[in-house]
2 protein chains.
Amino acid sequence: MSEDGSRAGERRPRRARPTMADVAAKVGVSRALVSLVFRNEPGASKETRDRVFQAAEELGYRPDSAAQMLARSRSKVLGVMLTVRNPFHADLVEGIYPVAEELGYDILLSAAAPTRDERKAVEALLSHRCEALMLLGPKLESRDLAQLAERIPVVVLGRRFPGVEVDSVHTAEAKGVRQVIDHLVELGHADILHIDGGRGAGSVERRRAYRAAMRRHGLADRIRVLPGDHTEESGAQAAATLLADRENLPTAVFASNDRCALGFLDFVWRAGLQVPDDLSVVGFDDSHLAHLSHIDLTTVRQDPDRQAELAVRVVVERLSGERSEARELVLDPKFVARGTTGPPPGRG
Amino acid sequence: MSEDGSRAGERRPRRARPTMADVAAKVGVSRALVSLVFRNEPGASKETRDRVFQAAEELGYRPDSAAQMLARSRSKVLGVMLTVRNPFHADLVEGIYPVAEELGYDILLSAAAPTRDERKAVEALLSHRCEALMLLGPKLESRDLAQLAERIPVVVLGRRFPGVEVDSVHTAEAKGVRQVIDHLVELGHADILHIDGGRGAGSVERRRAYRAAMRRHGLADRIRVLPGDHTEESGAQAAATLLADRENLPTAVFASNDRCALGFLDFVWRAGLQVPDDLSVVGFDDSHLAHLSHIDLTTVRQDPDRQAELAVRVVVERLSGERSEARELVLDPKFVARGTTGPPPGRG
DNA sequence: GCGCTCTACTAGCGCGCTCTAGTAGTCGCG
DNA sequence: CGCGACTACTAGAGCGCGCTAGTAGAGCGC
């Protein structure tokens, strides 16, 4: 790369972005007036407003959010931490934007990834002056979360942190799980296996609820849990394990989430099993993957739009100082029977 | 929600975040010195540095990036526009972070989604003072892109915009496609169908290259293209169409990307076909979905880390004023033969 | 003509930081 | 002892905006 970087920098081929002062000068009014107009505050005549907007348009003026943040104490920015690979997070993000906009907040996204841990993602949001954080299925330790929540309002989505003083919005996992097991039992299943979600969001609750539901149906001795996590890989892994011992196949499999169910399905389809004739499969989330027509996965719907909306409202409410105690919002999930479940083999 | 919002706001239960002045006061030095220390500039003694860092730690001080942006002309922020649902974008984002960090840039993510179009996503990035934009597989019109590129350095990933003066980093689609067809022909295939990628990134090139490669092998009369796009749904759709007329099945299917291939696979697996015995399938991208062990998809690797790295470097180079003409970086793709391709039926 | 209110606008400080142009103090050298 | 060079530090302007406290002028009643 060339050596004349500094000279080139000074040349600044591109004009710096126009400021409020430029707009004001062009219209022939004060900066303050332009500010009023852009904040949509009363105190400017209709004609002036129009002229300001037109001048701004012509100059390509765009309010500088750094300066806005600095000037008002409120930055009006919510920070969202997500895992880019998680499709359910994608659904949540899509639900967050419109509500935030409605309430006048801007959204900043920061991704956690294998090469970028959650702390780093959160750090980035903090230094960008977010007023509050929304954490999508965080895997942080409770201690770290508690510490974070002391500094800044935090809402956690899709995960419970009992004992930590943060707002949280999540699904009543147990209810959904109970409906899954009820549905399967009703169809005639007894050998219902659960693929565990490891450290994933909601896994503990789902596993516990699975055991409880099985016991309630007098199927305590049929309880069978395979280790896994929230990835396709783990579903496939579980399928491989099961197919290695065909004598001992369950008649139904309840995966800890849709991705896991999908991995499982891919594997058994490929192995030539018929779903649901040979085996029923249920997921959890109803991510957009699940209701693709060719998958048509029986699952439990966690309404992401509603979850996102509530989370935004909860955190905004907290920001406006209307509440200081933590709040836990629990949404009812909705069981969705689709094409991957049916009567067990030999009873169809 | 209660009516005393403003009063509550004034009460400010949480202390406002500490500033540089607080740190300076605590150490007993000037703000400027603290600034030096945090920017890691020479001019402060080792002991002072340590004391500053310690004081900052104790106060929980964190530089305010809004103020930083405002004060230096350089914001040191790159804006990334992505589609949250796209797994290949997730791969790219993961590749972007480390390089940006190495070069001292911060990353701001903004998502396009069905409810939030690309213009809006870009607007958000612009008002957050990004110095440059990285657009992942944008679907903008060339005109809009050109207009954008006049205001701010832009690099487009995974897509060509011939005639528009922007930097771009993409794969030599044609090369990859040629290798796909070569591979299939070598295995003995002649009836190779292509599922089109619609308006998706790279689709035009892939379709054209498919036709060209088929002709090169003297298979012009076997060319067959089914409409589709870059989603699982479209792959499944194509599969449904094909299976409706079993007499007329191709022996191999080349999907426009991995997601499409996956949807296709799911459908044909489920229908009881054996892959690759009955049908070979090839994708494009080598997204992390493809190399899941149970999918084991033959595909074309577009190295996302490398693409991400180059894109960041290209845009940073442009920012430092070392170049003003647009640059197009074309990466060689790498064909990856995996388990979804084999000899055509009747020749195995 | 006076005070009053109301609309339409302006002056100017301050948000938390960066950065230029400085000032002390120390050291080495002729 | 004076001078330059270097280290360690500081003063203060200014980045683009929001916002408070103001003003100028019009309209109105008495």
Side-chain angles (χ1 to χ4, degrees), chain A residues 6 9-10 12 15-52 56 59-77 104 106 126-131, chain B residues 6 9-10 12 15-52 56 59-77 104 106 126-131:
Chain A
S6 62
E10 281 163 37
R12 285 224 166 251
R15 250 288 288 142
R17 49 191 288 170
T19 75
M20 216 166 229
D22 297 328
V23 179
K26 176 151 187 164
V27 181
V29 295
S30 67
R31 283 188 318 104
L33 225 221
V34 177
S35 174
L36 281 185
V37 171
F38 268 88
R39 278 175 294 139
N40 207 16
E41 298 265 300
S45 65
K46 180 77 177 66
E47 306 96 75
T48 318
R49 269 174 213 282
D50 291 344
R51 286 170 56 215
V52 165
L59 291 174
Y61 169 76
R62 192 183 312 280
D64 180 332
S65 71
Q68 286 182 320
M69 282 188 204
L70 201 60
R72 43 173 186 242
S73 40
R74 308 290 308 265
S75 73
K76 289 296 214 169
V77 173
D106 223 0
L126 286 178
S127 79
H128 278 284
R129 245 175 186 265
C130 295
E131 285 184 40
Chain B
S6 61
E10 282 163 38
R12 284 223 166 252
R15 249 289 287 142
R17 50 191 285 171
T19 76
M20 215 165 230
D22 298 328
V23 179
K26 177 151 187 168
V27 181
V29 294
S30 69
R31 284 184 317 103
L33 224 221
V34 178
S35 175
L36 282 186
V37 171
F38 267 88
R39 278 175 295 138
N40 208 17
E41 297 266 301
S45 64
K46 179 78 177 68
E47 305 98 74
T48 318
R49 267 174 215 282
D50 293 344
R51 287 169 58 215
V52 165
L59 292 173
Y61 169 75
R62 192 183 311 280
D64 180 332
S65 72
Q68 286 181 320
M69 283 190 205
L70 201 58
R72 45 173 183 242
S73 41
R74 310 289 310 264
S75 72
K76 290 294 212 171
V77 173
D106 224 0
L126 285 178
S127 81
H128 280 285
R129 243 171 188 269
C130 296
E131 285 183 40

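Every value quoted in this text rests on a predicted model; they were computed, and no experiment measured them. Letters A, B, ... are given to chains in the order of the sequence lines, protein chains preceding strands, and every chain is numbered from 1.
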By the 4.0 Å heavy-atom rule, please label [X] as base, sugar-phosphate, or nothing.
X	result
B/Thr48	sugar-phosphate
A/Arg129	sugar-phosphate
B/Ala32	base
B/Pro42	nothing
A/Tyr61	sugar-phosphate

State whether [X] places a side-chain N or O below 4.0 Å from either non-bridging phosphate oxygen (OP1 or OP2) of [N].
X	N	answer
A/Ser35	D/dG18	yes
B/Ser45	D/dT7	no
B/Gln68	C/dT18	yes

For D/dC30, what is the paired nucleotide under Watson-Crick or G-U wobble rules, both distances under 3.5 Å?
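Result: C/dG1.
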Just by distance, with hydrogens left out, do A/Asp64 and B/His128 show a side-chain donor and acceptor under 3.5 Å apart?
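Short answer, no.
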Could you verify whether a donor N or O on one side chain and an acceptor N or O on the other, from B/Arg39 and B/Ser35, lie under 3.5 Å apart?
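Result is yes, a qualifying pair exists.
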Calculate the interatomic distance between [X] atom [atom1] and [N] atom [atom2]; express it in whole Å.
X	N	atom1	atom2	answer
A/Arg17	D/dC17	CZ	C1'	11 Å
A/Leu33	C/dG12	CG	C1'	15 Å
A/Lys76	C/dC15	NZ	C1'	17 Å
A/Asp64	C/dC15	CG	P	18 Å
A/Glu41	C/dT10	CD	P	16 Å
B/Lys46	D/dT7	NZ	P	17 Å
B/Arg39	D/dC9	CZ	P	15 Å
A/Arg31	D/dC19	CZ	C1'	11 Å

Select one nucleotide: of [options], the one nearest the side-chain heavy atoms of [X].
X	options	answer
B/Ser30	D/dG18, D/dT10, C/dC15	D/dT10
B/Ala67	D/dC9, C/dG16, D/dC17	C/dG16
B/Thr19	D/dC9, C/dG16, D/dG12	C/dG16
A/Ala71	C/dC17, D/dC17, D/dC9	D/dC17

For B/Leu36, does its backbone N or O pair with a side-chain atom of B/Glu41 as donor and acceptor, under 3.5 Å?
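No: the side chain of B/Glu41 does not pair with the backbone of B/Leu36.
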Does the side chain of B/Leu70 reach to within under 4.5 Å of the side chain of B/Arg129, using non-hydrogen atoms?
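Side chain of B/Leu70 against side chain of B/Arg129, heavy atoms only: contact under 4.5 Å found.
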Assess whether a salt bridge exists between B/Asp50 and B/Lys46, defined as any Lys/Arg side-chain N lying under 4.0 Å from an Asp/Glu carboxylate O.
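Yes, this pair counts.
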What are the two closest heavy atoms between B/Ser127 and A/Ser65, and how far apart are they?
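The pair with the smallest heavy-atom distance is O-OG, 2.7 Å.
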First of A/Pro63 and B/Val29 reached from the 5' end of DNA chain D, by closest nucleotide
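Nearest nucleotide further toward 5': that of B/Val29.
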